[in-house]
There are 2 protein chains.
Amino acid sequence: MTPDSLMPKNFNISSIKASCSSCGLRELCLPVGLDEQEIKALDHLLNQRHRIRRGEHLHRAGLDFHSLYAVRSGFFKTYVLQEDGREQVTGFHMTGEVLGLDAISTDMHTCNAVALEDSEVCEIPFVKLEEIGRTIPSLMHHLHKIMSREIVHDRGMLLLGGMKAGERLATFLLNLSYRFAKRGYSPLDFNLRMTREEIGSYLGLKLETVSRALSRLQEDGLIDVNSKHIRLTDIGRLRRQTGNSFCE
Amino acid sequence: MTPDSLMPKNFNISSIKASCSSCGLRELCLPVGLDEQEIKALDHLLNQRHRIRRGEHLHRAGLDFHSLYAVRSGFFKTYVLQEDGREQVTGFHMTGEVLGLDAISTDMHTCNAVALEDSEVCEIPFVKLEEIGRTIPSLMHHLHKIMSREIVHDRGMLLLGGMKAGERLATFLLNLSYRFAKRGYSPLDFNLRMTREEIGSYLGLKLETVSRALSRLQEDGLIDVNSKHIRLTDIGRLRRQTGNSFCE
DNA sequence: CGAAATATTGAAGTTATTCAACTGGAGTGG
DNA sequence: CCACTCCAGTTGAATAACTTCAATATTTCG
């Protein structure tokens with residue numbers, strides 16, 4: 001154990017060296033499918049891990065782009081502020097997902113990212129990632145897959161356009177369920193980290209409509225709502241509710 | 001001139017060697033910012049140019065992914081078929097834009113792409129592109145920009161969620177206007193290549209609502225509609241109509 | 001030219017929004 | 001510990017927006 005006296009006075013717990021080698025999340029994150037040696041090379045480019053407290057911003061629209069951020073733990077929302085000051089939520093992001101991909105096109109962040117709970121991210125300097133990617137083709141290819149997956153996901157949101165409120169909510173819940181499952185959490189029982197208003201903004205509905213739609217799904221016996229806690233009591237019927245589209 | 005007799009009997013005009021060097025579109029397309037030598041290298045990976053007639057498909061959902069396609073001329077729409085057989089339009093694509101980016105993530109096309117007018121595309125085998133990208137960093141970086149731009153665009157579509165029909169239409173028209181302008185066409189005067197139904201599907205509206213919203217914008221003196229021909233008569237007011245968001 | 005597809009418009013019906021009242025839980029300070 | 005406040009969420013009633021159905025007009029294309 002390092003004696004306290006040897007630690008810098010205000011040692012910043014919020015920024016320590018990151019390492020993919022020792023990270024339990026590699027199977028979800030950037031290093032998917034790399035061998036030990038490649039992961040070691042990748043470690044060299046990750047400068048640090050940052051702790052972001054609930055309510056703190058990871059980046060803001062308009063700021064210069066330097067790094068992608070892999071979510072190590074926690075939960076983020078991204079949003080843009082419109083002219084009139086209203087906030088439009090553009091996404092929710094959980095463990096193993098990569099933030100900042102939108103900023104590559106203009107070298108500037110196009111949205112704000114805020115932590116909805118205490119979180120940790122790994123910073124991935126993009127210039128270095130491209131450099132190292134040249135020598136590790138599978139890493140580069142995986143970056144392409146991640147970006148492509150993002151495109152597929154965002155495009156899938158268009159399907160909401162043709163749906164009614166209940167269908168949108170069902171789709172949203174099933175997508176969350178799917179993502180939780182992939183991370184080893186229960187797909188049938190989870191807590192929402194966002195408010196009704198944020199859900200509504202994301203889905204193109206007003207918060208009252210979200211609330212009503214949730215109540216309705218509950219009445220119909222498809223889900224159990226307890227403020228932020230959701231239980232999917234009939235996932236089959238919930239799927240049918242959506243027209244089966246885009247639950248991933 | 002090659003005598004006719006030397007040409008194969010049914011020589012396929014629809015598939016000739018492509019070349020970025022001699023393409024007038026490079027400033028819009030993949031080779032942006034490359035020098036002469038890099039472009040020559042790029043030429044080696046482009047096998048061919050394809051002619052796609054109006055109504056023909058460039059690719060279909062479910063097919064194996066091999067190549068990206070750069071639109072050389074013409075106009076495409078991408079769409080997915082839902083369970084119930086309804087068609088959901090996921091995008092419109094014009095000269096200089098790249099199709100197929102969604103397919104990278106799963107090595108399978110996730111949508112159908114059909115030409116809305118006689119078109120030409122350059123086929124870009126993706127494996128080769130990644131290969132050559134390793135030796136031309138600026139090419140690789142530009143691919144990343146293109147993918148990122150796609151993410152930004154798709155995410156911008158979420159802003160439609162909070163808008164009324166008229167605002168959605170205005171946003172849509174301004175986005176088209178912007179893209180036409182970038183290609184040297186008039187930003188104030190253009191022809192729609194798609195039907196009202198396709199617009200509606202894309203924007204999350206019914207075709208009748210699209211029609212009404214267009215009529216309304218015309219009544220209000222913001223645009224001039226003549227079936228598929230559109231003139232933006234007051235682009236300033238049209239911009240204000242959208243809440244100024246996402247016209248690119 | 002004529003058939004089929006596309007577009008417009010009206011009226012009725014549905015769905016979502018708005019406005020408003022009220023509930024419940026988390027956090028604060030007396 | 002309780003009262004108080006603030007914020008998130010729920011619910012009802014009235015209104016606005018979009019959709020549906022239907023009739024008609026226009027355009028497109030073989």
Side-chain angles (χ1 to χ4, degrees), chain A residues 53-55 77 84 86-89 114 116-118 160-173 191-220 223-230 241-243, chain B residues 53-56 75 77 79 84 86-89 114-118 160-173 191-220 223-230 241-243:
Chain A
R53 254 178 254 290
R54 175 196 162 96
K77 92 174 167 194
D84 54 13
R86 283 185 312 116
E87 164 182 319
Q88 168 69 51
V89 174
V114 64
L116 294 186
E117 60 184 42
D118 291 353
L160 295 180
M163 294 183 186
K164 306 208 182 306
E167 301 171 329
R168 293 189 196 199
L169 253 300
T171 304
F172 176 71
L173 293 175
N191 283 297
L192 301 174
R193 320 289 152 106
M194 70 294 282
T195 66
R196 305 287 193 261
E197 186 165 19
E198 288 165 335
I199 296 173
S201 173
Y202 185 55
L203 298 179
L205 300 169
K206 294 296 162 190
L207 71 96
E208 296 94 330
T209 309
V210 171
S211 186
R212 275 186 256 271
L214 285 173
S215 301
R216 188 70 211 284
L217 289 174
Q218 179 163 240
E219 273 175 46
D220 295 350
I223 65 176
D224 233 61
V225 187
N226 245 306
S227 72
K228 303 243 176 189
H229 182 248
I230 303 284
Q241 180 84 211
T242 67
Chain B
R53 254 177 253 290
R54 174 196 165 97
E56 285 180 354
F75 203 91
K77 92 174 168 192
Y79 67 97
D84 53 14
R86 285 184 313 116
E87 163 182 320
Q88 168 71 49
V89 174
V114 64
L116 294 186
E117 60 184 43
D118 291 354
L160 295 180
M163 294 184 187
K164 306 210 179 308
E167 301 171 328
R168 292 189 196 197
L169 252 301
T171 304
F172 176 70
L173 293 176
N191 283 296
L192 301 174
R193 321 289 152 105
M194 70 293 283
T195 66
R196 305 288 193 260
E197 185 163 21
E198 289 164 335
I199 297 173
S201 173
Y202 186 55
L203 298 179
L205 301 169
K206 293 297 162 192
L207 72 95
E208 295 95 330
T209 309
V210 172
S211 185
R212 276 187 255 269
L214 285 174
S215 300
R216 187 71 211 285
L217 289 173
Q218 179 163 241
E219 273 175 45
D220 295 351
I223 66 175
D224 232 60
V225 187
N226 244 304
S227 73
K228 303 242 173 181
H229 183 251
I230 304 283
Q241 179 85 210
T242 67

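All of these numbers come straight from a predicted model, not from anything done at the bench. Protein chains get the first letters and strands the later ones, always in sequence-line order, with residue 1 at the start of each.
Counting non-hydrogen atoms under 4.0 angstrom, B/Gly204 reaches the backbone sugars and phosphates but no base. As judged by a 4.0 angstrom heavy-atom cut-off over every strand, B/Ser215 is placed among residues touching the sugar-phosphate backbone only. Heavy atoms of B/Thr195 sit under 4.0 angstrom from primed sugar atoms or phosphate atoms, though from no base atom. No engagement by A/Leu214 is indicated, since no non-hydrogen atom pair under 4.0 Å with the nucleic acid exists. Using a 4.0 Å heavy-atom distance criterion, A/Arg216 is classed as making no nucleic acid contact.
Among D/dT19, C/dA7, C/dA16, the nucleotide with an atom closest to any side-chain atom of B/Thr209 is D/dT19. Among C/dA7, C/dT8, C/dA16, the nucleotide with an atom closest to any side-chain atom of A/Leu205 is C/dA16.
Note: CG (B/Leu207) to P (D/dT26) measures 18 Å, nearest angstrom. Between the CD atom of B/Glu197 and the P atom of D/dT19 there is a distance of 12 Å, rounded to whole Å. Atom CD in A/Glu208 sits about 14 Å away from atom C1' in D/dA14, given to the nearest Å. Following rounding to the nearest Å, B/Lys164 (NZ) and D/dT19 (P) show an atom-to-atom distance of 12 Å. Rounded to whole Å, the distance from NE2 on B/His229 to P on D/dT28 is 12 Å. One interatomic measurement links the two molecules: CD1 of B/Ile230 to P of C/dA7, which rounds to 11 Å at whole-angstrom precision. One interatomic measurement links the two molecules: CE of B/Met163 to P of C/dT17, which rounds to 15 Å at whole-angstrom precision. Atom-to-atom, CZ of A/Arg196 to P of D/dT11 comes out at 10 Å; the value is rounded to the nearest Å.
Side-chain N/O atoms of B/Arg212 and base N/O atoms of C/dG10 include a donor-acceptor pair closer than 3.5 Å.
When atom types are taken as modelled, the side chain of B/Lys228 and the backbone of B/Met194 share a donor-acceptor pair closer than 3.5 angstrom. A/Asp118 places a side-chain N or O within 3.5 Å of a backbone atom of A/Arg54 that can act as its donor or acceptor partner. Counting only distance, with no hydrogens or angles, the side chain of A/Ser211 and the backbone of A/Leu207 share no donor-acceptor pair below 3.5 Å.
At most 12 non-hydrogen atoms from other residues, nucleotides or ligands lie less than 6.0 angstrom from CD of A/Glu197.
Taking only side-chain nitrogens and oxygens, A/Lys206 never comes nearer than 4.0 Å to OP1 or OP2 of C/dC19.
A heavy-atom distance below 4.5 Å is found between the side chains of A/Gln218 and A/Asp224.
Between B/Val210 and A/Ser227, the residue anchored nearer the 5' end of DNA chain D, judged by the nucleotide with its closest heavy atom, is A/Ser227.
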